[in-house]
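Okay, so here's the structure we're looking at.
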Amino acid sequence: MTGIGFHIEGAVAVLTLENEAKLNALTTNMLDALEARVQEVERRPEIRAIILTGAGEKAFCCGADIGAWGNLSPAEFARHWVRDGHRIFDRLARLGKPTIAAINGHAFGGGLELASCCDLRLMAPRATLALPEARIGIVPGWSGTQRLTRLIAEGAVKEMAMFGRRIGADRAVALGYAAEVADDVLARALEIAAELQSLSPRATEISKNMIHAAVGEDAHAIVEALGSAAAAASADRDEGVAAFMEKRNPQFSGL
């Protein structure tokens with residue numbers, strides 16, 4: 001069992017965290033499956049958006065399964081568990097397609113960090129956000145102090161990480177973290193994703209990249225990707241490739 005449900009509804013991929021007995025806590029297998037699914041969606045042009053949600057009604061994701069990392073040495077914990085999680089979460093955050101977190105229940109620790117990788121977040125009325133790591137003697141490790149602080153006020157992050165306080169759905173909307181509160185977050189997420197059909201997928205991808213560059217999300221790679229795309233669309237690129245293949249000097253036009 002991978003712990004990640006995957007199905008397609010129209011042009012939307014729905015990924016479901018399926019570890020309900022442990023409040024959808026993330027295991028190594030779930031992280032590996034999540035990375036594989038994100039890579040798959042990235043390469044399927046017919047899929048226009050991703051929705052990420054949790055199984056059941058109580059939790060979106062309560063964080064990382066302590067059983068998966070509790071016995072790791074400090075070096076293994078830092079080098080593998082934290083770094084691997086960062087790589088996978090970064091891949092989701094930097095996916096060129098729109099992503100929606102349908103936060104159906106509590107999002108704690110790694111679950112909050114996972115939702116923070118998405119472009120749009122919807123919350124069920126009873127859902128709450130928290131960074132409870134200090135209660136077990138650790139700190140947020142998957143960008144809870146970094147990406148999350150770019151999304152909401154520093155003080156709110158400190159409330160959760162330093163004081164152990166929870167933030168409810170209405171306040172999350174007021175802080176700008178969640179777009180809206182909905183009784184059925186998955187149904188609402190599907191409605192919003194359907195609206196993307198009237199928008200240019202290329203324009204939304206480029207807009208996402210430019211916004212990410214502005215806030216420092218993989219800025220160097222984004223600048224080079226956008227520049228490379230512009231160069232690849234030029235007549236000079238076609239001439240350069242043709243000249244190389246034909247073993248002649250190129251005649252560039254500057255177009």
So does [X] have more than 12 non-hydrogen atoms from other groups sitting under 6.0 Å from [atom1]?
X     : atom1 : result
Glu46 : CD    : yes
Arg91 : CZ    : yes
Gln39 : CD    : yes

Gap separating the [atom1] atom of [X] from the [atom2] atom of [Y], nearest 0.5 angstrom:
X      : Y      : atom1 : atom2 : value
Leu196 : Thr204 : CG    : OG1   : 6.5 Å
Cys61  : Glu113 : SG    : CD    : 9.5 Å
Met160 : Ile167 : CE    : CD1   : 4.0 Å
Thr16  : Asn24  : OG1   : CG    : 9.0 Å
Lys158 : Arg165 : NZ    : CZ    : 14.5 Å
Leu112 : Cys62  : CG    : SG    : 12.5 Å

Check whether any side-chain heavy atom of [X] sits under 4.5 Å from a side-chain heavy atom of [Y], and report yes or no.
X      : Y      : value
Ser253 : Glu239 : no
Tyr177 : Arg171 : no
Asp90  : Arg147 : yes
Asp183 : Pro125 : yes

Keeping to residues at least two apart or across chains, list the salt bridge (charged side-chain N to carboxylate O under 4.0 Å, His left out) pairs with something in residues 188-199.
Glu180-Arg188, Arg188-Glu191

Test side chain to side chain contact (heavy atoms under 4.5 Å, CB included) on Val173 and Met123; report intermediate values, then the result.
CA-CA 9 Å; Val173 171; Met123 289 181 68; over 6 Å; no

Keeping the roles fixed (side chain from [X], backbone from [Y]), state whether a donor-acceptor pair exists under 3.5 Å.
X      : Y      : result
Arg37  : Phe6   : no
His106 : Ala59  : no
Asp236 : Phe252 : no
Asp65  : Ala25  : no

Tell me the closest heavy-atom pair linking [X] and [Y], and the distance in Å.
X      : Y      : result
Ile51  : Ala193 : CD1-CB, 4.4 Å
Val185 : Leu122 : O-CD1, 3.8 Å
Phe60  : Ala102 : CD1-O, 3.7 Å
Leu175 : Ala156 : CD1-CB, 4.0 Å
Ala127 : Gly105 : CB-O, 3.3 Å
Leu92  : Cys118 : CD2-SG, 4.4 Å

Kindly determine whether Asp84 and Leu31 satisfy side chain to side chain contact (heavy atoms under 4.5 Å, CB included), including the steps that lead there.
CA-CA 9 Å; Asp84 287 351; Leu31 290 170; over 6 Å; no

Treating Ile, Leu, Val, Met, Phe, Trp and Tyr as nodes and any side-chain heavy-atom pair under 4.5 angstrom as an edge, say whether [X] and [Y] lie in one connected cluster.
X      : Y      : value
Leu23  : Leu17  : no
Val14  : Leu26  : no
Val12  : Leu15  : no
Leu52  : Ile192 : no
Ile103 : Leu151 : yes

Stepwise side chain to side chain contact (heavy atoms under 4.5 Å, CB included) check, Lys22 with Thr27
CA-CA 10 Å; Lys22 291 189 176 182; Thr27 65; over 6 Å; no

Any carboxylate oxygen within less than 4.0 angstrom of a Lys/Arg side-chain nitrogen, looking at Glu205 and Lys208?
no

Does a side-chain N-to-carboxylate-O contact under 4.0 Å join Glu35 and Arg87?
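Yes, Glu35 and Arg87 are salt-bridged.
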
Show your reasoning for whether salt bridge (Lys or Arg N to Asp or Glu O under 4.0 Å) applies to Glu42 and Arg94.
CA-CA 10 Å; Glu42 198 169 37; Arg94 296 163 187 173; over 6 Å; no

With side chain to side chain contact (heavy atoms under 4.5 Å, CB included) as the test, would you mind laying out the steps for Ile211 and Asp119 before giving the verdict?
CA-CA 11 Å; Ile211 293 166; Asp119 301 314; over 6 Å; no

Test ring-ring contact (aromatic ring centres under 6.0 Å, His included) applied to Phe89 - qualifying residues, sequence neighbours left out:
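Counting only residues at least two positions away or on another chain, Phe89 forms a ring-ring contact (aromatic ring centres under 6.0 Å, His included) with Trp142.
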
Please list, one pair per line, the donor and acceptor atoms closer than 3.5 Å that link side chains of residues 129-139 to other protein atoms, with sequence neighbours excluded.
{"from": "Arg135", "atom 1": "NH2", "to": "Gly164", "atom 2": "O", "distance (Å)": "3.1"}

